[in-house]
2 protein chains.
Amino acid sequence: MKKHNFSAGPSILPQEVFKKASEAILDFNGMGLSLLEISHRSKEFVAVMDEARAIVKRLMNLGDDYEVLYLQGGASLQFLMTPMNLLTENGKAAYTDTGTWAAGAIKEAKKVGNIDVVGSSKEDNYSYIPKDYKVGADYDYFHCTSNNTIYGTQMKSFPEVDTLMVCDMSSDIFSRQLDFSKFDLIYAGAQKNMGPAGAVLVVVKKDILGKTGRNLPSYLDLGLHIAKESMLNTPPVFPVYVSYLTLKHLEENGGIAAAEAKNEAKAKLLYDEIDNNPLFEGYAAKEDRSLMNVSFKLTDESKKEAFDAAWKAAGISGLNGHRNLGGYRASIYNAMPIESVQVLVDVMKNLA
Amino acid sequence: MKKHNFSAGPSILPQEVFKKASEAILDFNGMGLSLLEISHRSKEFVAVMDEARAIVKRLMNLGDDYEVLYLQGGASLQFLMTPMNLLTENGKAAYTDTGTWAAGAIKEAKKVGNIDVVGSSKEDNYSYIPKDYKVGADYDYFHCTSNNTIYGTQMKSFPEVDTLMVCDMSSDIFSRQLDFSKFDLIYAGAQKNMGPAGAVLVVVKKDILGKTGRNLPSYLDLGLHIAKESMLNTPPVFPVYVSYLTLKHLEENGGIAAAEAKNEAKAKLLYDEIDNNPLFEGYAAKEDRSLMNVSFKLTDESKKEAFDAAWKAAGISGLNGHRNLGGYRASIYNAMPIESVQVLVDVMKNLA
């Protein structure tokens, strides 16, 4: 039976990517060797790393003033690396608290220096995106989280700030057209729209680095990673390769514009059902609804057993809500076909 | 033509591991989903992570006073995490400088606190292992590197020290029987004997942690990783899975004892040829020769073109020496069959 994988991450990737990745493990590029056993400094893998970084710049329409890195440690390590690279010893940074991961970023940054939370929806269990805040030039940088996987909220626009703009785009990167040149630092764990677990993407405007006066540990130093062309140490070869395949697939299939159109259609299909079916209700404020993660619940808990049995019988997996929120969460990332969303919608309709 | 991969890392793994890893990318455990698209918190992957950690303890014959972690950032991030977790604010640590990676560990540790280099072969371009040093109880810990990939030297025994014993075993872990309970902290990048790039193994005696008084960033805190059972954040799912396959293969094929016997036979075959063939000479001091990385050079550089052509024609790859040393380096890790070493030896014989 066909499976419909609504997992929040690691999550669905294009089937063609799985096929090519599987082949590369047996024989990479006709070398007679597995991708897993070749040197990361072989010309074959250096070409993969260089092209992956180049595709990111093309997709984001960024110029030579930006650099792209593939690192390890996930967004979680970037929670630390951001203040280590951008926060001056006596400076301060502004953060919004829009969910579990945003709160994690704040927690780590506070270990490095002075952090002000300028907007928060924590008191309302992160059900909306705070918008009424200003960030002045007295801050070293502003940090936000573009999409909140657990709660299903997404920033539909970004504030104008008088300082550097930093964004954790882990769960909606490459899902919609943005003016990426408005951001000074973007990072994203690969395991949603751009690859498997084990790599984190960092896109940084070069001239913002090296200004804090801190003597950084090597692995935490973005400038050093740039100088070493994302190979300060052995990179996560296979995750980078699969990310390269995923981004190449995106570029060859209409780029971000085409992905965005599909994502809007998928989200509309599912949110319309949630709004029209009396058995379901959405969690997030309507104006802040995520196009990537749709959080909802049953209005009548007595239907839970029947609903759970029905979606499992339809081949759906990964629909349970995060343990922090409960209910259901349908993650409909770039690689999710609208046909799979229709399967879920049909199950919801049949329950009524 | 059959390939003989002497790459120093990432490096050869058992063919059976490549086959199973390739299959898991198309369909993992009959789930109808790729290993790359399932949640790291699915029961299927949690079982992999738990079993990988358990195999490490069984292979090392360690008890419940030790914990095993799979982290990201490679040995390079452990260069920082070691002093962050073990070095007190006013304390000091003792290091030996036995090669490029040992020097890297020292450099990072010096950014955290006071480090004494108690033994070094740097002046002799790391051609031997220093042995005449003592480490007293006034040090918070002692750090050494068991095998030096670039120079082809290996510690054949470990000193008795009056403090914690920390060892970077990246390039010879699981290659020989050791009393692992003499070590308090062991770390190793996976990409030699235990998997592909993208994961680092940490084995730590639990009661040594949490004693420095430092307020650690979350990702750098080994105690927190233990509390989260190696899933503080999304782990590198695929690298961990391939490491699990590699260690399972080792366990099912006689464990470390059987690997050690094979490694000794392979090394003897190759070092004997180097010593007996007047066209070649070894680099490392004989008593410190590594069983994993054999560094050698031609005694007559005019034979270089003929030798290079001959080993390439025989299907050999990855034989060029590291850029820091030149010459040749044959890496003969656990998964390297003795038949491939024989192919190299035959090429060397034919050159004479």
Side-chain angles (χ1 to χ4, degrees), chain A residues 1-3 5 7-13 17-19 21-23 25-26 31-40 42 71-77 79-80 104 107-108 111-112 189 191 195-199 215-220 232-239 242 315 317-318 335, chain B residues 1-3 5 7-13 17-19 21-23 25-26 31-40 42 71-77 79-80 104 107-108 111-112 189 191 195-199 215-220 232-239 242 315 317-318 335:
Chain A
M1 185 175 65
K2 179 159 171 53
K3 296 284 182 177
N5 178 16
S7 179
S11 53
I12 189 170
L13 296 173
V17 168
F18 293 142
K19 187 165 171 292
S22 176
E23 288 166 2
I25 289 177
L26 298 179
M31 293 173 77
L33 295 170
S34 168
L35 171 63
L36 306 186
E37 65 178 317
I38 64 169
S39 171
H40 58 290
S42 63
L71 304 180
Q72 295 184 69
S76 293
L77 190 55
F79 295 168
L80 171 64
K107 180 184 168 200
E108 296 309 311
K111 293 180 186 176
V112 179
Q191 66 271 17
N215 180 22
L216 294 175
S218 296
Y219 199 88
L220 306 186
L232 170 66
N233 64 339
T234 311
V237 170
F238 183 78
V242 181
S317 67
Chain B
M1 187 175 65
K2 178 158 172 54
K3 296 284 181 177
N5 179 16
S7 178
S11 52
I12 190 171
L13 296 174
V17 168
F18 294 143
K19 186 163 171 290
S22 176
E23 289 166 1
I25 289 177
L26 298 179
M31 293 174 75
L33 295 170
S34 167
L35 171 64
L36 305 185
E37 66 178 317
I38 64 169
S39 172
H40 57 290
S42 62
L71 304 180
Q72 296 184 67
S76 293
L77 190 55
F79 294 168
L80 171 64
K107 181 183 167 200
E108 297 309 311
K111 293 180 186 175
V112 179
Q191 66 271 14
N215 180 21
L216 293 176
S218 296
Y219 200 88
L220 306 187
L232 171 65
N233 65 340
T234 311
V237 170
F238 183 77
V242 181
S317 67

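Residue numbers start from 1 in every chain, and the chains themselves are labelled A, B, ... in the order their sequence lines are given, proteins ahead of strands.
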Please flag which part of [X] lies under 4.5 Å from any non-hydrogen atom of chain B: side chain, backbone, both or neither.
X	result
A:Ser42	neither
A:Lys107	side chain
A:Val17	neither

Check whether any side-chain N or O of [X] sits under 3.5 Å from a backbone N or O of [Y] as a donor-acceptor pair, and report yes or no.
X	Y	answer
B:Asn5	A:Leu33	no
B:Tyr219	B:Gln72	yes
A:Lys111	B:Leu216	yes

In terms of heavy-atom pairs under 4.5 Å with chain B, which of [options] leads?
options	result
A:Pro10, A:Gly198, A:Ala75	A:Pro10
A:Pro235, A:Ser11, A:Gly315, A:Ser76	A:Ser11
A:Ala21, A:Ser22, A:Pro196	A:Ser22
A:Gly32, A:Ser39, A:Gly73	A:Gly73
A:Met31, A:Lys19, A:Glu37	A:Glu37

Top contributor to chain A interface from [options] [non-hydrogen pairs under 4.5 Å]:
options	value
B:Ala8, B:Ser34, B:Gly104	B:Ser34
B:Pro239, B:Pro217, B:Gly195, B:Gly189	B:Pro217
B:Gly74, B:Ala197, B:Ser218	B:Ser218

Next on the checklist: I need the B:Phe18 CZ to B:Leu13 CG distance, nearest 0.5 Å.
Outcome noted: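 One finds 4.5 Å between CZ of B:Phe18 and CG of B:Leu13.
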Item to check | Close side-chain approach of B:Leu77 and B:Leu71, heavy atoms under 4.5 Å | outcome: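 Heavy-atom side-chain distance check fails, nothing below 4.5 Å.
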Item to check | Student check: side-chain heavy atoms of A:Val237 and A:Leu36 closer than 4.5 Å | outcome: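 No - every pair of side-chain heavy atoms lies 4.5 Å or more apart.
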Checklist entry - Who are the side-chain hydrogen bond (donor to acceptor under 3.5 Å, both in side chains) partners of A:Ser7, not counting sequence neighbours? => result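 Expected list: none.
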Next on the checklist: side chain to side chain contact (heavy atoms under 4.5 Å, CB included) for B:Ser317 and B:Lys3? Distances and angles first, verdict last.
Outcome noted: CA-CA 7 Å; B:Ser317 67; B:Lys3 296 284 181 177; 5.6 Å; no
Checklist entry - Measuring heavy-atom distances to chain A, does B:Val242 have an atom under 4.5 Å in its side chain, in its backbone, in both, or in neither? => result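 Only the side chain of B:Val242 comes within 4.5 Å of chain A.
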